[in-house]
Amino acid sequence: MKEQAKASTLNFISAIVAADVKANKNGGRVMTRFPPEPNGYLHIGHAKSICLNFGLAEDFNGICNLRFDDTNPTKEEQEYIDSIMEDVRWLGFDWEDQCYFASDYFEKFYEFAVFLIKKGKAYVDSLSADEIREYRGSLTQPGKESPYRDRSVEENLDLFERMKLGEFPDGTHVLRAKIHMGSGNINMRDPVMYRILHATHHRTGDTWCIYPMYDFAHGQSDSIEGITHSICTLEFEDHRPLYDWFIVELELPCHPQQIEFARLNLTHTIMSKRKLVRLVAEGYVRSWDDPRLPTISGLRRRGFTPGSIRDFCDRIGLAKKDSTVDMALLEHCLREDLNKRAPRVMGVLKPLKVVVENYPEGQMEELDAVNNPEDPGAGSRKVPFARELYIEQDDFMEDPPKKFFRLAPGREVRLRYGYFITCIGVIKNAATGEIQELRCTYDPETRGGNSPDGRKVKATLHWVSAHHSLSAEVRLYTHLFTQENPTAVEQGEDFTAHVNPESLEILENCRVEPSLADAKQESIYQFERLGYFCADRHDCMKGRLVFNRSVTLRDTWARIKKKA
Ligand code: ATP
Ligand code: MG
């Protein structure tokens, strides 16, 4: 184990691996893999698995393969393969030349199947899918043997070959392992190994019309690649005896050790590709990388950084029992990361015009603004101040309640990096009564934000110059689901019942300071007082600024922790 092994991987799995290395199991070699099925985009749950598998390889001088478990031609696509590779790389991991596809092993799997048939450990069954289900029994009832179970080796070999040659339609035969229909573990009741499926595979085309089941592909792929520790989520715990059975019966030289851990669940979102694909297909969100989705590409577009996601995966740790993590923790990790390095700027989301009556018309001056108080090296920039400004509509109240300390008629406040201003008039639309403009005065002595006479103000507002600021579109996001657990639905209801209709708010008339004119796609800023905002990686360009609010400044996680 490398000395600098991170605390992150010092968990129960790391302990197992460390003990194996110490005992010189597998000659001290460590090899893991991340095995996505290319049937959707990766999500934050996958990030946990990626960090774990690549992290172990890193800590133990091992290798982590990227392997696509592409055994289901009807659900899989090249687009998903490309996105998965992009996401893993973006997270900061590198599989070098170790990228594999289960479909590369189809010929081998076929040979393995023939080997088991010859050994009398596999047979062709001709029951229908419904009958197979019925014969399987239940948790309380043992299964029943198929009348085809005792076919001769010759007949099985002949039928299996003809299955491969395409002589039979879908669903007419399957190849099953001959294990034990009375087993207490349903997975061991003669599980299906191969099915007939006349479908075009995205990589093997029409070469095959029989496809191996997950259980007959996954462990064999692991073994072929020389994986030492095959780490998966808890739902595969009951499959482990089968995983081991295939490897033992196939007499494979490499027997990887399957280890399970609890999958990540997050509040207010869902983490299943099957459900995510529906949100995209049915138009609840705009795309797989919609910033409201927990997909890695969605989080990226929202403004999450690889570092914040890896930090999050570190902090949640590994468990043997399922639990749900509060979304607030993920947001906390992002704030921690961005606070240190996001440049501060000023932007006004809902502009209210302010005319500074005693400021000369046509005059402009540049005020010094600090780029990042957390990072002295970040320096400062100039922001233009002029007679006409915008402040946030929310920062003014004509008739303020007791605890409202921001601008109000007759009241003085500070403009950040600027001057003290006092509101002396409110101009309204005669017809609607809507506030259109504030008339203010400024105190020239307060340049930079302090008054020589030491008088205090209770609020500091962000602002921009009306003429010098730039127009921007800002997209605000809240939880995609109104319920903490969206899958807990009433009978007859679907998880989509809890989609939050207000999860996206688009503000088209925002104003931002001119230093953002060249904002590069994916650059992240703190808009003072408002939160962190990321220039949209597709839509933001020169002349059309588009920002996503990544996260607000208020840290609900810090509050939750304090309470606890
Ligand atoms: P989904 O239900 O979202 O489709 P999956 O498990 O079917 O997930 P795979 O593509 O098979 O998706 O997963 C690749 C790897 O990522 C597997 O090893 C799986 O155990 C792991 N993984 C998937 N979801 C999570 C999660 N929520 N937390 C941790 N690991 C996960
Ligand atoms: Mg899966």
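These figures come from a predicted structure and were not determined experimentally. Start at 1 and go down the list; that is how both ligands and their atoms are numbered.
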Item checked: Region of His43 engaging ligand 1 - heavy atom pairs below 4.0 Å -> side chain
Notebook entry, point to check: Applying a 4.0 Å heavy-atom criterion (strictly less than), which segment of Phe261 is in contact with ligand 1: side chain, backbone, both, or neither?
Noted result: side chain
Should [X] be counted as touching ligand 1, given the test is an N or O pair under 3.5 Å?
X	value
Gly45	yes
Glu37	yes
Lys273	yes
Glu235	no
Ala262	no

Check: Taking only heavy atoms of Ser272, which atoms of ligand 1 are found under 4.0 Å from at least one of them?
Finding: 2 (O), 3 (O)
Next item on the list: In sequence, state the C-alpha distance, the side-chain angles, and the governing distance for Glu505 and Arg475, and then conclude on salt bridge (Lys or Arg N to Asp or Glu O under 4.0 Å).
Entry: CA-CA 6 Å; Glu505 184 184 0; Arg475 300 169 184 168; over 6 Å; no
Checklist line | Closest non-hydrogen atom pair, Pro36 against Leu42 | finding: CB-CD2, 4.1 Å
Margin query: To check you understand the geometry: which heavy-atom pair defines the closest contact between Tyr41 and Ser83, and what is its length?
Written below: CE2-CB, 3.4 Å
Item checked: Any Phe236 heavy atom less than 4.0 Å to ligand 1 -> no
Item checked: Cation over ring face, Lys320 and Phe261, 6.0 Å, 45° -> no
